[in-house]
Trainee: 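To start, I am sharing the structure in question, which I have written as structure tokens.
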Amino acid sequence: MDEKYYPEKIEEKWQQHWERAGAFQVESTDPRPKFYCLEMLPYPSGFLHMGHVRNYSIGDALSWYKRLRGFAVLHPIGWDSFGQPAEQAAIKRGINPRDWTEENIAHMRGQMKRLGVSYDWRREIAAHRPEYYRWDQWFFLKMLERGLVYKRKSAVNWCPQEQTVLSNEQSSGGVCWRCGAVVEKKELEQWFIRITEYAEPLLDDMREIEAGWPERVLTMQRNWIGRSVGAYIDFAVRGSDSKIRIFTTRLDTIYGATAVVVATDHPVLAEVPEDSALRDDVARFAARVRNTRASRVDPTADEEKEGLNTGLFAVNPFNGEQLPVWVANYVLMDYGAGAVMSVPAHDERDFEFAQKYSLPVRRVIERVSHAQEEIEHDAEAGLDQSVAMPHAFTDYGIVVNSGDWGGKLSADASREMAAHAEAKGFGGGAVTYRLRDWGISRQRFWGAPIPIIYCDVCGTVPVPEDQLPVKLPEQAAFTGTGESPLAGVAEFVNTTCPKCDRPARRETDTMDTFIDSSWYFFRYVDPRNDAAPFDKETIAHWVPVDQYIGGIDHAVMHLLYTRFWTKMMRDIGVVDFNEPAKRLMTQGMVTNLVEGTSEWKRMSKSLGNGVDPDDMIEAYGSDAVRLFVLFAAPPENELRWQEAGIDGAVRFLRRVYNFVWRWRSALRDAPREAPSAGEDVSPAARTLRGVTHRTIARVTEDFERFHLNTNVAALMELSNALGEFTKRPDDATAPERFAVREALEALVVMLAPFAPHVAEEMWESLGHAGGLLAEGAAHWPQADAGLARKDELEIPVQVNGKLRARISATPDTSEETLRAAALADEKVRVWTDGKQIVKVVVVPQRLVNIVVR
RNA sequence: GCCGGGGUGGCGAAAUGGCAGACGCGACGGACUUAAAAUCCGUUGACCGUAAGGUCGUGCGGGUUCGACUCCCGCCCUCGGCACCA
């Protein structure tokens, strides 16, 4: 230990020590209880940013804490190394994506090591290496066997900027998740994963993780899945054999239907007679709607409702009424059945549409409190059921003007009408989802090739398992056009059919990179397995992940996919559980002021408000940067970057360090045993021991609650208490030296999760060899409740809820004594004399409240 | 529009229904120094008061309670998600 705190020296020393000692390596044979701590794996962009630093600091703090408490902690890292930017580099600068990626990984690995994150580096994996993506391909084949993958031509989300397909999750809000370009629609042959088969389990199994996942993530997933309970009803088309199927969640309003409205690409439009002028009108209308959609500026805004009467009629099977069939822009082909019954009286959209085109409005639901009267009134008057309404009445209520169903409550009517429809064969209860199947084909080079061969004789043939991996070629022409660069690599494309041995072609699309990240943390557990993606027994030991930490931005992408993937793996028999992670913590963004504005935005190169972690580590040391990042805000909150705050962290570390330096020799011969009951212990030492044990209790409890910022605060308080212990080391008595040693050792160990390097250095100076983690030692201190208890308490005394005095008492002072002391207090009597005492509330060890009148 | 999170000093924040503002940043004053930096000590929610002390104060309005930042009801603002989803 040097006299002064030199972070760069200490940090290098201990990083080397950890590496040599294999301090963070664990095996599944470890007899200690296991803990799997996982941070989201980074994309190797080339540079760590502050968001990464925050993510890894949180995970590292937890990992250290668990290790010090005697857990075998699995804490791995890897690289989400397939994807767009590598290919962009290839297109723009002619660099090979593989070289670009490997260089970036090498640089970022160096940054992580300088940060001193406690990873088991032997388990490092990268998605772009054949040993990894081989198993992506293997899972693809397993899903194909079970009918969970299929190919179809469909309108896909197309990013015009990146010239590739996006999944629904990746084009949420109508813009590309990566570059923000407005997404277009394009017809393509695509491979899909049937994630919709898992809509129910994805919802149901939320029960298992409710306690450990943030409410808002589950809510976002619930919204995304968009479960909706209702009914299908088939309307016969007049003068034709075809039917229009509609989906509704308000079957109770079906007698109020005054039209059937279909989407612009609905098949029934083919029924419009070819010789009629309407046929052209419909086609023109549909084309116009498509064009408007493609060119609109704000893709999320609602368009004005527009429609056209097709001249067709559909028959309401409940009352035989013939309703005009309209086509309109507000009905979407890819939700429900692509057609709705229009009930203007009870649906806002239908109401707006009916107003515009003067369609009749027929009220069939009344508010429960008025319903009886209304029904009788209508019956007496024999009223026309078309009524003027200022707006749609969308509440549930009592069904009226609806034949035999009149007088029933909405819920009952809906249920009974669905049963009726089913009995009669024209419909029935149904559940629909907003969730769509997961389109995984990408017209890109830098991804896992889809293991499929097309043979003119045998058709679509899966690559046999023993021929995996289908490896990416070394080179390709990167043009940035819409077709996969693989299509231009003859030696990749041309192959032979595994079934008939005749010449055949390989699929040239690659997989969505979200497949790689759906199961990477299973691979960490068994990273070199070349017979299977992982060993089932080893997985059972480590997974589910105990704590997962990452950004909120993946709430409906990665986190939904990985939950699906786990269930899929369960169904193909490679794991035995339903959910990948017991607890999830979503960290807040790291923001910085955008120069010349007063706006706090996420750090980014394009805004010029980025802060380079390397610069910070160089200036202050990794320990101080990490400590500050954890102290400045609770982990879930936004963290506004204010560099001045790091000074506070440095000051704190230096104070502790200096204290250890001053005391280290005096502590060498301090007693190992706590002073016995009879020994004469000074008040200062007693006070210090009290603070020490209260701090241990607090920090331990706050770790369990993930309150890392208050933890740091508690350690600062302990350090302040040490500072108030003013006796010089040479003058301190044996019991005092014991108290100081106890406090310092506790402080140093509890500091390790936040500032591991300097903690190791101080631990060594306090006379311990081999490091904090030597031979799996569990050095986390134990709080002694007796010592933590204060000898003397200040009890606040309130009069009518207002603080008027404090009295001192021991923790075991009885209620009666407290009450008497409070009532006798001079300052209290100023407020109680001459008043009637109504009540005295005494909360032992807490407060006294006297109620007077 | 629907769903979810959040509004506490100059700033980041703390507080199992029990002393609001711990801890830190910044600011101000002082010590040390030729000086500055660093370090150390002190002050720092607002208002009134020389002081002792008092009054107000956790987005707004109500309620429950001996007691509410915390629980309940109704609003306002703000951030995020979804959005013509039938």
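To find a chain, count down the sequence lines: A is the first, B the second, and so on, and within it residues start at 1. Side chains are part of it too, since the values below use all heavy atoms of this structure and drop only hydrogens, waters and symmetry mates. Keep in mind that this is a model prediction, so the values were computed, not measured.
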Trainee: Return the pairing partner of B/rA46 with a 3.5 Å limit on both distances, Watson-Crick or G-U wobble; otherwise return none.
Mentor: B/rU55

Trainee: Rounding to the closest angstrom, what is the interatomic distance between B/rC11 and B/rG4 at atom C1'?
Mentor: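 About 27 Å, rounded to a whole number of Å.
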
Trainee: Rounded to whole angstrom, note down the C1' distance from B/rG10 over to B/rG5.
Mentor: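 Pairwise C1' distance, B/rG10 against B/rG5, rounds to 26 Å.
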
Trainee: Taking A/Tyr5 as the fixed residue, which of A/Phe652, A/Tyr657, A/Trp661, A/Tyr620 is the one that meets the ring-ring contact (aromatic ring centres under 6.0 Å, His included) rule?
Mentor: A/Tyr657

Trainee: Please list, by residue number, the residues of residues 845-853 of chain A whose heavy atoms come closer than 4.0 Å to an atom of RNA chain B; answer none if no residue qualifies.
Mentor: A/Arg846, A/Leu847, A/Asn849, A/Val851

Trainee: Roughly how many Å apart are B/rG53 and B/rG42, using the C1' atom of each and rounding to a whole number?
Mentor: 22 Å

Trainee: If the test is side-chain contact (heavy atoms from CB on, under 4.5 Å), which one of A/Val364, A/Asp395, A/Asp252 qualifies with A/His346?
Mentor: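 Per the side-chain contact (heavy atoms from CB on, under 4.5 Å) rule, the option paired with A/His346 is A/Val364, out of A/Val364, A/Asp395, A/Asp252.
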
Trainee: Identify the two heavy atoms, one from A/Asn316 and one from A/Ile254, that lie closest to each other, and give their separation to 0.1 Å.
Mentor: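 Closest pair (atom of A/Asn316, atom of A/Ile254, distance): ND2-O, 3.2 Å.
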
Trainee: Please give me every residue in residues 222-232 of chain A whose heavy atoms get under 4.0 Å of an atom in RNA chain B, ordered by residue number.
Mentor: A/Asn223, A/Ser228

Trainee: Determine whether the aromatic ring centres of A/Phe514 and A/Trp438 lie less than 6.0 Å apart.
Mentor: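 Not under 6.0 Å, so no.
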
Trainee: P atom, B/rG30 versus B/rA37: distance in rounded Å?
Mentor: 13 Å

Trainee: Who is the Watson-Crick or G-U wobble partner of B/rC23, with both distances under 3.5 Å?
Mentor: B/rG12

Trainee: What interatomic distance, in whole Å, is found between P of B/rG74 and the corresponding atom of B/rC79?
Mentor: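 Straight-line distance between the two P atoms is 24 Å.
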
Trainee: So, is A/Asn720 near the phosphate of B/rG24, with a side-chain N or O under 4.0 Å from OP1 or OP2?
Mentor: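 For B/rG24, OP1/OP2 do have a side-chain N/O of A/Asn720 under 4.0 Å.
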
Trainee: Is the NZ or CZ atom of A/Arg662 both under 6.0 Å from the centre of the six-membered ring of A/Phe659 and within 45° of that ring's axis?
Mentor: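 The answer is yes; both the distance and angle limits are met.
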
Trainee: Between B/rU55 and B/rA68, how far apart are the P atoms? Round to whole Å, please.
Mentor: 16 Å

Trainee: In the strands shown, is B/rC2 matched to any nucleotide by a Watson-Crick or G-U wobble pair with both distances under 3.5 Å, and which?
Mentor: B/rG81

Trainee: Heavy atoms from C-beta onward define the side chain here; which of B/rA86, B/rC84, B/rC11 lies closest to that of A/Gln642?
Mentor: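 It is B/rC11.
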
